[in-house]
Amino acid sequence: MLDKTFAPKTFESRHYEKAKAGGLFKPSNTGKDPFTLMMPPPNVTGTLHIGHALTFTLQDILVRYQRMNGRDTLWQAGTDHAGIATQMVVERQLAEKGTTRQELGREKFLEAVWAWKEESGNAIYAQMERLGVSADWSRARFTMDDGLSAAVRKIFVKLYKDGLIYKDKRLVNWDIKLQTAVSDLEVISKENKGQLYYIFYPLVDNDTRAPQAEIVSGDDILFDGHTIGGIVVATTRPETLFGDSAVAVHPDDARYKALI
């Protein structure tokens, strides 16, 4: 007799464990018509969210369809270390305990990070299994496993030798707390009401050209009782002053013709 209310918990886990134990999620290793899907590895920064449930469902549909069509199917599972994001999670945990990574020291802090990786990673895999993910768990990998780390180094060196990776000077998102650069994905952009600053750039040879600048530019100022010529630039980034080496003007602007 069927129950009046559908209760998936009463049989889903039982059937899932039976399928997993029977090797139904593993490739047949026949070598015929293979189909492989690499799972985008979730970050070990906590637990899965509804977005993961959606993407894993879509992937599982593809994998089960190919498997039922007789293809040699592998769904490669794994988790991602997430670098700075994971470090921030652990540092918040340490702050709740009244300590910091600096007080712990490098070795103890790494131990805390790896302990969290195990906790978060195991929770994520448990969630995946509860969702019914039919991945080959015997091949589950972590992005900092020795084999994967070696592969990353090998490819990085190859890309460098091919001229696709290079070192240069670029603007970066610098985290003053973590003392490292972070990616755009880890930055929360906020709109703030700023200010407009007016910076006066005096002429190098004011003695000979100040009178001309005084007449046409309208940007002259009094300094120590004398009028000196120059150009006023409006900016929201006054800190760039220390890197400025020249000021450009439009050649057709009558206000600055005497300065060209």
Side-chain angles (χ1 to χ4, degrees), residues 25-46 48-49 51-52 54-56 58-67 71-91 101 105-107 109-125 128 133-189 243:
F25 300 155
K26 295 182 179 181
S28 59
N29 294 322
T30 61
K32 297 180 180 179
D33 197 17
F35 177 83
T36 302
L37 182 63
M38 178 66 207
M39 176 188 294
N43 298 334
V44 288
T45 51
L48 301 182
H49 51 69
H52 289 109
L54 172 62
T55 58
F56 289 147
L58 297 176
Q59 293 170 57
D60 205 25
I61 291 172
L62 293 173
V63 168
R64 289 176 184 266
Y65 174 78
Q66 298 296 341
R67 188 182 291 130
R71 299 187 67 177
D72 193 4
T73 305
L74 168 64
W75 188 5
Q76 174 66 57
T79 51
D80 189 6
H81 62 282
I84 295 174
T86 302
Q87 176 180 331
M88 293 175 66
V89 171
V90 177
E91 288 205 54
R101 61 184 170 91
R106 180 180 177 84
E107 295 303 320
F109 178 68
L110 287 176
E111 290 178 9
V113 173
W114 280 105
W116 168 250
K117 176 264 176 185
E118 288 298 316
E119 179 180 342
S120 176
N122 290 336
I124 287 172
Y125 283 148
M128 288 185 186
V133 168
S134 61
D136 182 1
W137 299 111
S138 66
R139 298 173 185 248
R141 303 296 298 273
F142 178 56
T143 49
M144 288 190 69
D145 287 346
D146 290 340
L148 296 185
S149 295
V152 169
R153 287 192 297 271
K154 179 179 180 179
I155 296 301
F156 191 91
V157 171
K158 182 181 185 302
L159 291 174
Y160 176 77
K161 290 181 177 179
D162 291 344
L164 298 176
I165 293 179
Y166 58 92
K167 184 177 180 180
D168 205 345
K169 293 182 179 180
R170 290 287 188 272
L171 289 174
V172 297
N173 303 308
W174 181 258
D175 191 308
I176 59 175
K177 182 178 180 181
L178 295 175
Q179 292 295 296
T180 186
V182 295
S183 73
D184 290 341
L185 295 176
E186 295 166 312
V187 174
I188 300 176
S189 299

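Quantities reported herein were computed from a predicted structural model and do not represent experimental measurements. Side chains are part of it too, since the values below use all heavy atoms of this structure and drop only hydrogens, waters and symmetry mates.
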Please lay out, stage by stage, how Lys117 and His81 fare under the test side chain to side chain contact (heavy atoms under 4.5 Å, CB included). CA-CA 8 Å; Lys117 176 264 176 185; His81 62 282; over 6 Å; no
Of all heavy-atom pairs between [X] and [Y], which one has the smallest distance, and what is that distance?
| X | Y | result |
| --- | --- | --- |
| His52 | Pro42 | NE2-CB, 3.9 Å |
| Ala135 | Ala77 | CB-CB, 3.8 Å |
| Met128 | Gly78 | CE-O, 4.4 Å |
| Ser138 | Lys26 | OG-CE, 3.6 Å |
| Ile124 | Gly46 | CG1-O, 3.8 Å |
| Pro34 | Arg71 | O-NH2, 2.8 Å |

Nearest 0.5 Å, please: how far is [atom2] in [Y] from [atom1] in [X]?
| X | Y | atom1 | atom2 | value |
| --- | --- | --- | --- | --- |
| Ile155 | Ile165 | CD1 | CD1 | 9.5 Å |
| Thr143 | Asp80 | OG1 | CG | 4.0 Å |
| Ile84 | Thr45 | CD1 | OG1 | 13.5 Å |
| Phe35 | Gln66 | CZ | CD | 4.5 Å |

Identify which one of Thr79, Leu48, Val133 satisfies the side chain to side chain contact (heavy atoms under 4.5 Å, CB included) criterion when paired with Tyr125. Thr79
Beyond-backbone contact of [X] with [Y], side-chain heavy atoms, under 4.5 angstrom:
| X | Y | answer |
| --- | --- | --- |
| Val63 | Phe25 | no |
| Arg141 | Pro41 | no |
| Glu186 | Met88 | no |

Could you check Lys32 against Asp72 for side chain to side chain contact (heavy atoms under 4.5 Å, CB included), going step by step and ending with a plain yes or no? CA-CA 6 Å; Lys32 297 180 180 179; Asp72 193 4; 5.7 Å; no
Does CG in Asp146 sit with more than 12 non-hydrogen atoms of other residues, nucleotides or ligands closer than 6.0 Å? no
Contacts table for residues 167-177: side-chain donor-acceptor under 3.5 angstrom, sequence neighbours left out:
unit_1: Asp168; atom_1: OD2; unit_2: Arg170; atom_2: NH1; d: 3.0
unit_1: Asp168; atom_1: OD2; unit_2: Arg170; atom_2: NH2; d: 3.4
unit_1: Asn173; atom_1: ND2; unit_2: Val182; atom_2: O; d: 3.4
unit_1: Asn173; atom_1: ND2; unit_2: Asp184; atom_2: OD1; d: 2.7
unit_1: Asp175; atom_1: OD1; unit_2: Lys177; atom_2: N; d: 2.8
unit_1: Asp175; atom_1: OD1; unit_2: Leu178; atom_2: N; d: 2.9

May I ask you to decide if [Y]'s main-chain N or O and [X]'s side chain share a donor-acceptor pair within less than 3.5 Å?
| X | Y | result |
| --- | --- | --- |
| Arg139 | Leu74 | no |
| Asp60 | Phe56 | no |
| Trp75 | Arg64 | no |

Sorted by chain and residue number, the ring-ring contact (aromatic ring centres under 6.0 Å, His included) partners of Phe109 (sequence neighbours excluded) come out as none
